[in-house]
Amino acid sequence: MPELPEVEVCRRGLLPEVEGAVLLGATVRTPRLRLPVPPDLDRRLAGTRVAAVNRRGKYLLFECRGGAGDGTLIIHLGMSGNLRFVPSGTPAQRHDHVDLSFARQVLRFSDPRRFGVVLWQAAGAPEHPLLAVLGIEPLSDAFTGDWLYAATRGRAAPVKPLLMDSHLVVGIGNIYASESLFRAGISPLRAAGRIGRARCEALVPAIRQTLSDAIAAGGSSIRDYVHSDGGAGCFQVDCAVYDRAGLPCVRCAGTVRQVRQGGRSTYWCPACQH
DNA sequence: CCGACAACCTGTGAGC
DNA sequence: TGCTCACAGGTTGTCG
């Protein structure tokens with residue numbers, strides 16, 4: 001899936017088409033995603049106007065006003081999800097699970113692995129449990145070296161899987177965790193609690209820069225990711241270590257290595273990262 | 001509380 | 001060609 005940059009690129013692509021537009025309704029073909037799609041989604045959305053499209057971590061939040069009542073349409077793309085516009089009446093393919101119908105076009109949610117999520121949150125209700133547990137936004141001003149230093153004290157877990165823990169900090173997925181640590185010169189195997197203050201001060205901008213660069217590049221596109229307008233991203237070619245096991249390090253004469261952490265592949269250069 | 005792991009799904013590529 | 005296996009961008013729940 002989309003990590004934070006891809007979701008942000010998607011959001012920005014959506015914005016000009018969707019903001020201020022009125023939703024005619026929703027067609028749910030597959031109610032069984034990671035969580036059940038609300039059976040009354042069509043009734044909730046019909047007649048609402050999309051006042052804004054926001055992002056929290058990897059969740060897209062469509063702020064809907066009017067209709068049967070204000071609320072937020074929550075969409076997560078999971079591992080393999082995408083959103084794109086198709087002309088009204090376009091036949092649905094195998095993994096096209098939900099259509100959001102506008103007057104001039106349809107925004108179609110497609111997700112082969114069905115790890116994604118489409119939910120409705122009525123205005124005034126307590127924050128959705130999925131959102132309530134989310135950690136800090138890595139592109140916010142609150143994400144500082146001081147914060148990271150304090151947040152990692154006493155943590156024995158390796159820093160790489162910890163960076164991917166959305167309860168701590170949101171949006172950093174498997175690709176950008178490896179890339180950020182390479183940029184900061186920190187070994188993914190190092191216990192998070194044993195990273196000193198100065199290196200935390202270095203890691204924060206490394207993460208921020210990695211994510212910002214990816215957003216600027218238009219997001220990555222490995223396999224499933226598609227821009228909201230159907231175009232493919234292009235950050236993938238710029239990966240320094242991710243998916244480069246056995247290849248030469250871009251910075252030194254060393255060789256990129258691969259290891260498994262928490263069931264996920266990690267890539268790093270043992271010569272550059274300690 | 002913390003950390004490791006299985007589970008949820010389908011598609012793809014490698015190897016036999 | 002066709003089978004099996006490992007693995008893929010995420011997150012939750014469970015267990016020790």
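Numbered from 1 within each chain, the chains take letters A, B, ... in sequence-line order. Nothing here was measured: the structure is a model prediction, and the numbers come from that model.
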NA contact type, [X], heavy-atom cut-off 4.0 Å: base, sugar-phosphate, or nothing?
X	result
Arg264(A)	base
Gly173(A)	sugar-phosphate
His167(A)	sugar-phosphate

Establish, with yes or no, whether the OP1 or OP2 oxygen of dG11(B) is under 4.0 angstrom from a side-chain nitrogen or oxygen of Arg94(A). yes
Measure the distance from [atom1] on [X] to [atom2] on [N] and round it to the nearest whole Å.
X	N	atom1	atom2	value
Leu168(A)	dC1(B)	CG	P	14 Å
Arg32(A)	dC9(B)	CZ	C1'	11 Å
Tyr59(A)	dT11(C)	OH	P	6 Å
Asn174(A)	dC7(C)	CG	C1'	11 Å

Would you say that more than 12 heavy atoms from the other residues, nucleotides or ligands in this model lie under 6.0 Å from the CZ of Arg251(A), or not? no
Quick check for you: among [options], whose closest atom lies nearest to any side-chain atom of [X]?
X	options	result
Val133(A)	dG9(C), dT10(B), dT12(C)	dT12(C)
Ala156(A)	dG10(C), dG3(B), dT10(B)	dG3(B)
His76(A)	dG10(C), dA8(C), dA4(B)	dG10(C)
Tyr242(A)	dA8(C), dG10(C), dC2(B)	dA8(C)

Check this for me: does the side-chain of Arg114(A) come within 3.5 Å of the base of dC9(B) through a donor and an acceptor? no
Any salt bridge linking Glu8(A) with Arg12(A)? Criterion: basic side-chain nitrogen under 4.0 Å from a carboxylate oxygen. yes
Specify whether His97(A) and Phe109(A) have parallel, tilted or perpendicular ring planes, treating 30° as the upper limit for parallel and 60° as the lower limit for perpendicular. tilted
Return the stacking result for dT11(C) and Phe115(A): yes when the ring centres lie under 5.5 Å apart and the planes under 30°, no otherwise. no
